[in-house]
Every structure is written in structure tokens, then in C-alpha cells.
Amino acid sequence: MKKKAVFVINLVSGTSDKAGVPNLIESNIDKSLYDYEVVITEYAGHASEIASRAKADGVDVVVAVGGDGTVNEVARAIVHSGTALGIMPCGSGNGLARHLLLPMNLKKSIDIINACEIRDLDYGIINGYPFFCTCGMGFDAFVSQKFAESGKRGPITYAENILREGLKYKPETYVIQDDNGTARYKAFLVSCANASQYGNNAYIAPQASMSDGLLDVIIMEPFDVIDAPQISIDMFNKTLDKNSKIKTFRCKKLHIQRSAPGVIHYDGDPVMTGESIDVEVQEKGIKMLVNPFADRSLRKPNALQNAAAELFNQISIMRDDISRQGRHIQAISKAIQKKLNL
């Protein structure tokens, strides 16, 4: 029996022109395997409606043709069902597709759909919003909001927002509770990752897996302008977890309390929410088409990247120790001076 597939195309997502995608699908889809149709979205939320209808009709595969927002819209409509998610990545970041090691070339992405290898993978929920890649609060949610407000797409806009707003952003205090207890952190951001990266190969959680039943929680402690370049390098080198400003742990669910309402993001989409935030993993809650030809070693840093990360991390730790000792000596000196003045 042939499988049924629906391709959901968002023409306005990302930065690439998708007008030729229907013809590309027609020329390259395996017609001996699939009966298919192509549907163009017409408004926000339409992708979810199309995917929900496809699920109800017993469609085997719904392919999201667009960016991470389109992927999220389609995916959240088909969780806990027999319908699988496929991705033809043509967004500005393509975080989930990159984590899955799907080709960015659209013709090659159809080859993966034709291979039709389906796995049961995890997804997450933050305050009722499903996410499949990452969610978070703090600076990354703040930048997601600025990015959405800018009306422009692409990594250049994202970088402009980071550079313009980053030095002005003030860390917040978060009380985080999981199965191991409760801890208080002053943090630049708190991110919960089901997959390893934000997009554009920026790895916020290099060790994250979509099949381990756990979320990777990343706490980025306050840092100064000297630390910023190395944090950026580590993110793109897949070595952020080795940075001294990063605290990480894994859990199935967590509760986060902050001092005031604010923005959070789920797969890069910002939304305002209250002081109380709940995040949990849904183990093996969605079927996805994966790349059977992928070289999974590409998710890991190479030996040189590991060595460089270790070296710079040790330098950073030594610098922080010297700074703390300097402040301690300065405090002692002031105390002695005060006594002498008496």
C-alpha cells in the first residue's frame, strides 16, 4: 500500500524563495511509495489546521516546508499519533533539521523523505506550549522577541539584535526545582533543550538527545565583555558545556520561579507568561522522519575544538580566581586601613 503524504508549504517563512518547491517535489518524490498533495498556508496557525486534518484523515507523513516556526506548527498538531513529521528545511535557522542532520539542500531533503525511516522521538512542553528543539527564558527569549518585532529574518538580523541588546541586558534570579531539589541561580538565560541547537549551528546543548527521555537544562551565569567572545566560539564549536560560565543538568521535568512576568520562547517563538514556569519532556511522543545516512559524529566537537575549549576554560577559571583574590585582598586592606584610622 502506498503511503499518504501532505507537504505544508509556508511561503513567507525564512529567507528563501519557495515558489519552485511544488515542482521540485513533483520531480523528485518517489511516486511508487507516496500518494501526496501540496498545501500552501494562508495565515498564522494554518499549518496546524492542515496537519490536524491530515492526522484525522490517516495521512502517514506531514512534511513541514519552512522554518522552525512552521515545523513547530505542524509537529504540535500530530503529537501522540501515527502520523510522522517530515522536514524540508528552508527557514532562517533550521534548528531541528540541523540537529537531525537533515540536508539543507531541498532536493536532498526529498531523498530523506523517500527513504522514509521513522523514529519515535521526544518533545517538550513549556507552560502548555509544545517545543521540539529548545525553549527558554532570559536573554534568548528577549532576543527572540526583538527578532519577531524586527519583521526581518536571517542570521544577520539575529546577530544585530544580540550585539545591540546584549550589553544592556540584566541577568535575573531564578529558583529552579527538579527531582534532585531546589537551587537559586542568577542567570543570563535558562534554556531547556530537547535537541542540541538553536539553529544556524549554534549549539546551546551539545550533548542533547531526542531519544533519551530527558531535557538538557542550561544555565548561563552572568559574564562580562571579556567572556563573551569565548562563549560565542564555544557555542559554534559544540563545546559550550565545557565553559566555566555554564551549568548544565538533565531532568524529566522542572519548575522555575522568577520575580516577575516576562517573555519565554518555544522553538524561537516568544510569548509572555507569568512568574511560574513548568517544563517537562514527553518521551517518544512524536514520530519523525530521520536521516538514515547521517554521520552522527558531526554532532560532536573534534579533538582540536575540545582541547581549545579546555585551555580557554582553564584560563577563564584562573582569571576569575585572581580577580576574587584581588577583591579579597582589597577588602582586607580597607579593613586594616579603617582600624589604623581609628
Side-chain angles (χ1 to χ4, degrees), residues 7-21 24-25 28 41 47-48 51 61-76 78 84-113 115 117 119 121-124 130-136 140 143-144 147-148 150 152-159 161-162 191 193-206 208-210 235-238 240 265-270 286 288-296 298-299:
F7 290 79
V8 182
I9 304 180
N10 182 352
L11 293 177
V12 299
S13 69
T15 57
S16 60
D17 182 6
K18 304 175 197 66
V21 171
L24 189 70
I25 295 168
N28 293 279
T41 63
S48 278
V61 177
V62 179
V63 181
V65 185
D68 288 324
T70 306
V71 170
N72 183 287
E73 272 200 50
V74 170
R76 69 187 186 226
I78 60 174
L85 171 72
I87 303 174
M88 289 181 65
C90 39
S92 55
N94 302 311
L96 185 57
R98 291 181 190 275
H99 171 84
L100 293 170
L101 301 172
L102 301 178
M104 295 298 104
N105 177 281
L106 292 183
K107 182 178 180 300
K108 291 181 179 178
S109 73
I110 298 174
D111 293 339
I112 303 304
I113 295 165
E117 182 162 328
R119 300 271 178 85
L121 299 177
D122 306 336
Y123 74 98
F131 67 94
F132 302 87
C133 207
T134 64
C135 73
D140 61 347
V143 169
S144 293
F147 186 66
S150 71
K152 296 187 294 182
R153 296 289 176 182
I156 293 176
T157 301
Y158 196 78
N161 279 313
I162 289 174
S191 184
N194 182 48
S196 58
Q197 60 167 285
Y198 287 138
N200 291 310
N201 291 320
Y203 286 79
I204 184 65
S209 167
M210 294 182 68
M235 191 173 290
F236 286 96
N237 278 351
K238 312 166 198 167
L240 188 65
H265 83 87
Y266 57 99
D267 289 342
D269 280 341
I286 183 167
M288 292 191 191
L289 269 67
V290 299
N291 183 356
F293 316 111
D295 179 1
R296 284 164 176 74
L298 295 175
R299 291 200 188 112

Give a yes or no on whether the backbone of [Y] and the side-chain of [X] come within a donor-acceptor separation of less than 3.5 Å.
X: D269; Y: Y266; value: no
X: N28; Y: L24; value: yes
X: N105; Y: K108; value: yes

For [X], which residues count as a side-chain contact (heavy atoms from CB on, under 4.5 Å) partner, sequence neighbours excluded?
X: D267; value: N72, F131, F132, C133
X: S209; value: S211, D212
X: N291; value: L102, P103, I112, F293, A294

Check against side chain to side chain contact (heavy atoms under 4.5 Å, CB included), T41 and L11: CA-CA 7 Å; T41 63; L11 293 177; over 6 Å; no
Not counting sequence neighbours, which residues clear side-chain hydrogen bond (donor to acceptor under 3.5 Å, both in side chains) with [X]? List them please.
X: Y123; answer: H80
X: N201; answer: Q197
X: S196; answer: H99

Interatomic distance, L100 atom CG to R296 atom CZ [nearest 0.5 angstrom]: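 These two atoms lie 9.0 Å from each other.
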Option passing side-chain contact (heavy atoms from CB on, under 4.5 Å) with L96 (candidates L121, V71, N194, T134): V71
Evaluation steps, side chain to side chain contact (heavy atoms under 4.5 Å, CB included), between V63 and I87: CA-CA 5 Å; V63 181; I87 303 174; 5.8 Å; no
